[in-house]
Protein chains: 2
Amino acid sequence: MERKTTLKELAKILNVSISTVSKALNDSSEINPDTKARVKEVALANNYVPNELAQSLKGKKTKTLGVIIPEVLSQFFAKSLHGIETMASSLGYKIIICISNESVQKETESLNILVNTNVDGIIMSLARETQATESYDHFKKVFDYGIPIVLFDRVSDTLVCDKITVNDREITHKAAMELHNSGCKNIIYLSTIYDTSVDKQRQIGYTSAMKELRSKPEILHIKDYTYFEENLLKVLKKSNVDGIVAADELSAISAMKTALNHGYRIPEDLSVIGFTNGVLGENFIPSLTTVEQYAEEQGRTAVELIIGRIQKTIAAEPVHRIIKTSILHRNSTRQSLALQK
Amino acid sequence: MERKTTLKELAKILNVSISTVSKALNDSSEINPDTKARVKEVALANNYVPNELAQSLKGKKTKTLGVIIPEVLSQFFAKSLHGIETMASSLGYKIIICISNESVQKETESLNILVNTNVDGIIMSLARETQATESYDHFKKVFDYGIPIVLFDRVSDTLVCDKITVNDREITHKAAMELHNSGCKNIIYLSTIYDTSVDKQRQIGYTSAMKELRSKPEILHIKDYTYFEENLLKVLKKSNVDGIVAADELSAISAMKTALNHGYRIPEDLSVIGFTNGVLGENFIPSLTTVEQYAEEQGRTAVELIIGRIQKTIAAEPVHRIIKTSILHRNSTRQSLALQK
DNA sequence: CTGAAAGCGCTTACAG
DNA sequence: CTGAAAGCGCTTACAG
């Protein structure tokens with residue numbers, strides 16, 4: 001049960017003042033090179049490591065980033081977290097992680113904890129409830145104290161700060177068009193991530209494609225997986241659906257499962273395009289054609305942005321970085337008719 | 001860009017000393033109830049929150065837990081992390097998360113960061129490389145400083161500390177016996193999590209079952225998913241395999257995928273039992289019969305243990321908590337023959 | 001080039 | 001019941 005060595009102890013051993021030790025270790029130009037060398041040697045021999053609490057108390061920087069995500073069990077957020085952790089630790093920052101569980105209350109608590117804990121910046125993706133109810137009062141403190149914040153994936157116009165999203169509208173439009181070009185006549189939009197900003201954007205992209213194709217858009221939101229099969233089947237039959245654009249990975253897989261269990265062949269009778277490149281879609285049979293969202297890259301970019309903001313190396317006005325996604329073609333869709341010839 | 005209110009400022013407003021303010025806010029019995037009330041009122045009105053850095057610098061407690069996991073993309077670790085976060089935040093602790101990426105070096109860095117950051121305790125699961133090379137020197141500092149540590153899932157006898165594991169041997173034994181009882185003749189053990197303590201335990205359980213059945217054990221370790229299909233098929237054919245006990249979720253699913261792609265029917269021709277109750281196994285067709293490891297519970301228990309250790313509310317000798325698992329029967333296995341009658 | 005002093009924002013033994 | 005003082009472990013303007 002050793003205690004950590006302090007500057008005071010080193011000073012005593014070296015017979016110099018605490019100030020000298022501190023300056024020597026910080027490579028101050030004020031200090032004689034020989035003294036520096038001696039100090040450093042003794043510090044090393046005594047396993048000296050500065051007490052970060054004390055340093056932070058003076059310097060006001062904690063080299064800590066707060067991260068709030070709605071959940072960690074979906075591949076998208078797990079991957080973003082991985083990207084955040086990798087980049088942060090490579091740049092010498094620690095991360096405190098909070099999971100909001102889609103709830104405003106937990107998000108509020110998390111924000112308070114992060115503020116009180118003196119994080120240098122916050123990276124987050126909004127809870128569904130926050131987006132559904134448009135509650136943003138709990139951000140007041142963060143803005144009052146001028147703590148930089150970057151939002152990724154689930155963002156809001158109400159919050160003026162740096163943001164990272166993907167080109168949701170275009171890619172969803174493209175996904176719907178691809179289904180059409182591969183021969184699908186009745187394409188629906190399926191989502192279980194209702195009430196989120198990304199869901200809205202993807203809906204818009206889908207709807208605009210339907211408009212272009214002069215087809216009636218059909219949007220199916222399923223809020224509870226308990227009734228997933230039942231709800232989906234009803235629509236599949238009623239509208240003779242042969243194409244699905246699903247707003248997330250799990251709903252895409254669940255749709256395929258339901259369809260296969262009821263005699264549909266995929267992609268012949270029903271084609272599906274989902275979102276997120278995760279193990280689920282990769283390993284399902286048939287494997288899922290999906291929108292690669294570059295989750296890890298989003299995480300890494302978020303860290304770069306927030307650190308740029310903390311160190312004031314980027315321009316004052318808020319940045320909105322839009323990451324270009326692409327469609328990863330696998331086996332849940334057919335080739336486009338044009339290509340088949 | 002407000003600054004946070006300090007005790008000094010409150011003291012000035014109230015015309016009392018800093019000590020009085022501090023004691024009043026901490027509900028010290030020394031202070032006059034009326035004074036307390038006045039102080040609290042003003043504190044509230046000024047949005048006072050104590051500076052945790054200063055408090056920690058005095059009190060030596062940071063109310064922060066360090067967590068190191070080998071990866072976050074597997075459901076098992078994502079679920080444990082979720083359990084850890086939930087329990088920790090409900091008990092007023094923050095968590096700093098580090099991902100070792102299975103590497104000793106990253107694990108060492110993470111440990112150093114957590115020590116330097118003055119976490120009150122550490123919860124971790126060892127990196128594969130750490131277990132493979134039996135490198136434990138990087139733990140010296142943690143033990144020297146007496147920072148409590150609890151290991152879960154991937155543990156080591158070399159490290160004397162609290163541990164949480166599951167009954168790996170028994171349950172793997174049981175899994176193999178169940179396959180046998182359902183009619184499987186040639187049961188192999190498949191694993192991609194080679195070199196880990198859990199893999200070893202599960203192997204032992206499997207081997208003991210084979211011994212009991214007077215069958216020759218066959219253990220297949222695949223270290224690289226690139227050659228998964230090739231390696232597995234060779235063994236499936238050579239040994240006429242009709243049962244697989246897989247040490248983790250992904251290898252179980254990959255095995256089913258390979259088998260299905262090569263004409264095997266599951267569970268008729270080949271039965272599979274995996275580990276971890278995750279979305280992958282739940283959604284695959286057929287759904288995976290698997291060992292429920294109660295990952296979230298492991299996470300929650302880890303938090304309880306470490307906090308008990310920090311607050312010294314548990315006995316001095318190291319605790320080893322063994323969580324009883326169970327087999328979740330789904331569609332990748334047949335009923336036992338006994339039950340079929 | 002070195003050191004004494006003040007201060008970051010708290011807590012707590014000690015005096016009164 | 002209230003307050004002055006010391007101290008947690010640092011950094012940094014200021015003196016010498």
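Each chain gets a letter, A, B and so on, in the order the sequences are listed, and its residues count up from 1.
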Nucleotide nearest B/Asn32 when distance is taken to its side chain, options D/dC10, C/dC10, D/dT2 =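 When the side chain of B/Asn32 is considered, D/dT2 is the closest of D/dC10, C/dC10, D/dT2.
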request  = For the side chain of B/Ile31, starting at C-beta, report the closest nucleotide among D/dT2, D/dT11, D/dG9.
outcome  =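 For B/Ile31, the side-chain atoms sit closest to D/dT2.
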inquiry  = Please give me every residue in residues 17-28 of chain B whose heavy atoms get under 4.0 Å of an atom in DNA chain D, ordered by residue number.
reply    = B/Ser17, B/Ser19, B/Thr20, B/Lys23
ask   = Would you say the side-chain atoms of A/Ser156 and A/Tyr136 include a donor-acceptor pair closer than 3.5 Å?
value =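 A donor-acceptor contact under 3.5 Å links the two side chains.
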ask   = Side chains of A/Gln131 and A/Thr196: do they bring a donor and an acceptor to under 3.5 Å?
value =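 There is no such pair (donor and acceptor under 3.5 Å, judged by atom type) between the side chains of A/Gln131 and A/Thr196.
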inquiry  = Could you tell me if B/Lys4 sits above the aromatic ring of A/Tyr145, with its cationic atom closer than 6.0 Å to the ring centre and no more than 45 degrees from the axis?
reply    = yes
[X] has an atom [atom1]; how far is it from atom [atom2] of [N], in whole Å?
X       : N      : atom1 : atom2 : value
A/Gln55 : D/dC8  : CD    : C1'   : 14 Å
A/Lys58 : C/dC8  : NZ    : P     : 7 Å
B/Leu57 : C/dT11 : CG    : P     : 12 Å
B/Glu52 : C/dG9  : CD    : P     : 15 Å
A/Leu53 : D/dT11 : CG    : P     : 13 Å
B/Lys8  : C/dC8  : NZ    : C1'   : 9 Å
A/Lys61 : C/dC8  : NZ    : P     : 17 Å
B/Tyr48 : C/dG9  : OH    : P     : 10 Å

Donor-acceptor contact present, side-chain B/Asp120 to main-chain B/Lys63, <3.5 Å =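 Yes, B/Asp120 side chain to B/Lys63 backbone: donor-acceptor pair under 3.5 Å.
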query = Do B/Leu91 and B/Val303 come close enough that some side-chain heavy atom pair is under 4.5 Å?
reply =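 They are in contact (side-chain heavy atoms under 4.5 Å apart), so the answer is yes.
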task = Determine the minimum heavy-atom distance between B/Asp153 and B/Ser197, stating which atoms define it.
result = O-OG, 3.8 Å
task = Answer with base, sugar-phosphate or nothing: what part of the nucleic acid does A/Glu30 contact at a heavy-atom distance below 4.0 Å?
result =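 Base contact.
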request  = Please work out if B/Thr35 contacts a base, only the sugar-phosphate, or nothing of the nucleic acid, heavy-atom cut-off 4.0 Å.
outcome  =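 Result for B/Thr35 = sugar-phosphate.
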inquiry  = Would you call the rings of B/Phe152 and B/Phe77 parallel, tilted or perpendicular, taking 30° and 60° as the class edges?
reply    = perpendicular
key: For D/dC1, the Watson-Crick or wobble partner whose two distances fall under 3.5 Å   = C/dG16
ask   = 5'-most contact on DNA chain D: B/Ala54 or B/Pro33, nearest heavy atom basis?
value = B/Pro33
